[in-house]
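Remarks on the structure that follows.
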Number of protein chains: 2
Amino acid sequence: MAILDTNTSEASISPGRDRILRVAAELFLTKGYAETSLRTIAEAVEMRPASIYHHFESKDALLTEILSIGMDAVTTAFDAVASELDHGEASERERLEAHVGGHLRALFANHAFTAAHVTVFPFVPADVRTAAVPQRDAYEAQWTDLLREIAPALDNARTDALRLTRLSLFGAMNSAVQWFDPSEGSVDELAANIVGTLWNGLGSIASGGTD
Amino acid sequence: MAILDTNTSEASISPGRDRILRVAAELFLTKGYAETSLRTIAEAVEMRPASIYHHFESKDALLTEILSIGMDAVTTAFDAVASELDHGEASERERLEAHVGGHLRALFANHAFTAAHVTVFPFVPADVRTAAVPQRDAYEAQWTDLLREIAPALDNARTDALRLTRLSLFGAMNSAVQWFDPSEGSVDELAANIVGTLWNGLGSIASGGTD
DNA sequence: TTGCCAGCCTAACGATCGTTCGGTAGTCTC
DNA sequence: GAGACTACCGAACGATCGTTAGGCTGGCAA
């Protein structure tokens, strides 16, 4: 899956450009956007600051593309899982687990790009944020629809249960990026684990019975 | 509950100082730490930049105190709930709901101070971060212990279920700060809602049965 | 009345920021 | 081999950053 050549009509893969994107995404993720200077990025890719402007219009444009790549990765993963599921007859739980697995795989495969979305997004310049919002909202809507299909009873405007469930799920999935090491454990196992927790609930294993 | 006079041995409440803390916390939360200049803070409190240095040693020191106030607020809330629960005989679910309510109340009462912890923390300067880590870890441990007591079966090192549950719960609680309006709905209802979702699980209301 | 100090000020410091201008090597085309 | 283009560079621009030095002012203590 070619994640790095977003909105490039031709397959014009520039090693320098890609390197900048990858390194900058990593730095933005770990240090923050404002905290990462173009000189830091340039040093990390063994270039001079001015050279970055040959590939990107501005620092903001660089960030915008990084965020877009990240959303593309998870959106593509979601669609791929959805079309796979179309063929068979999967249970609700299996559907959910498949999508969680897809999200997690995209998360770890494009680590810095997708994770940057989680941590950096609240603080990016207003222009960059508004540019990224539609893509984010669309992905969010895909999950909302999925959860609504799986558990229609959640869709109660008064209690916001659907929203809460989605947020809990995203919280669990996205925070995994900060502690789970895919080289040590299987991502599928992690997905099964997350869905299991969400599916069965705490009540089923509480020490004092099921209330 | 006097949240604002942390580590001040005497009750020396300075209006100017408190104002700076409150406004800075709000700005750090919404715009980010590096993105918020001392001149912006000064303007917001109707002072000159230099005046801030009469109250705080540096920008980092200001942030350090803000983070500390935030952790104090939730820790104090947790302890208060715990000592209240000591008297009666609460069920597991009631205990959990009481603590979630306590966390949420502290979250909304000291909005900017506690919420700053959630969004800003990953990017704060290294010195500030290491200073804040012990307080954070201690609060995290309180919740881990609580969840372990409520559902000992979660404590399985292989599957990380305990960790996942805590992260899901924190994800749901802390993200509430970004969309829940305490003037429109009751925080207790929100707590009951969050715990209800976590307790019963998705399986109990899935459209296709309980798997 | 004098002295002190908290609280805030003006003015400026050096450092660092994103960005731009005018190049120079190498490669490819005709 | 002339011209064009890609990829990069050195050097500098103005703006903004956190921070500091030194001064003013009003109220409280002696």
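Numbered from 1 within each chain, the chains take letters A, B, ... in sequence-line order.
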State which of D/dG18, C/dC21, C/dT19 makes the closest approach to the side chain of B/L38.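 Shortest atom-to-atom distance from the side chain points to D/dG18.
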
Reckon A/H55 has a side-chain N or O less than 4.0 Å from the OP1 or OP2 of D/dT6?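 For A/H55, the contact criterion (side-chain N or O under 4.0 Å from OP1 or OP2 of D/dT6) is not met.
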
Students often get this wrong, so: under 4.0 angstrom with heavy atoms, is [X] touching a base, only sugar-phosphate, or nothing?
X     : answer
B/R48 : base
A/T40 : nothing
A/S37 : sugar-phosphate

Starting at atom [atom1] of [X], determine the distance to atom [atom2] of [N], rounded to an integer number of angstrom.
X     : N      : atom1 : atom2 : value
A/E46 : D/dA7  : CD    : P     : 18 Å
A/I52 : D/dC9  : CD1   : P     : 10 Å
B/I41 : D/dT16 : CD1   : C1'   : 15 Å
B/H54 : D/dA21 : NE2   : C1'   : 16 Å
A/R39 : D/dG10 : CZ    : P     : 13 Å
B/M47 : D/dC24 : CE    : P     : 21 Å
A/Y53 : C/dT19 : OH    : C1'   : 5 Å
A/K59 : C/dT19 : NZ    : P     : 8 Å

Closest approach of A/R39 and A/P49, non-hydrogen atoms and distance?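 A/R39 and A/P49 have their closest heavy atoms at CG-CG, 3.6 Å.
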
Along DNA chain C (nearest heavy atom to each residue), the more 5'-positioned of A/E35 and A/E57: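 On the 5' side of the pair lies A/E35.
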
Taking A/Q142 as the fixed residue, which of A/D79, A/T75, A/D137 is the one that meets the side-chain hydrogen bond (donor to acceptor under 3.5 Å, both in side chains) rule?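 Of the listed options, the one satisfying the test is A/D79.
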
Using a strict 4.0 Å threshold on nitrogen-to-oxygen distance, state whether B/R17 and B/E65 make a salt bridge.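 Salt bridge between B/R17 and B/E65, a charged N being under 4.0 Å from a carboxylate O: yes.
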
Any side-chain heavy-atom pair from B/T119 and A/F123 closer than 4.5 angstrom?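 The answer is yes; the side chains approach within 4.5 Å.
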
Taking atom CD of B/E140 as the centre, does the number of heavy atoms from other residues, nucleotides or ligands within less than 6.0 Å exceed 12?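 Check passes, neighbour count above 12.
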
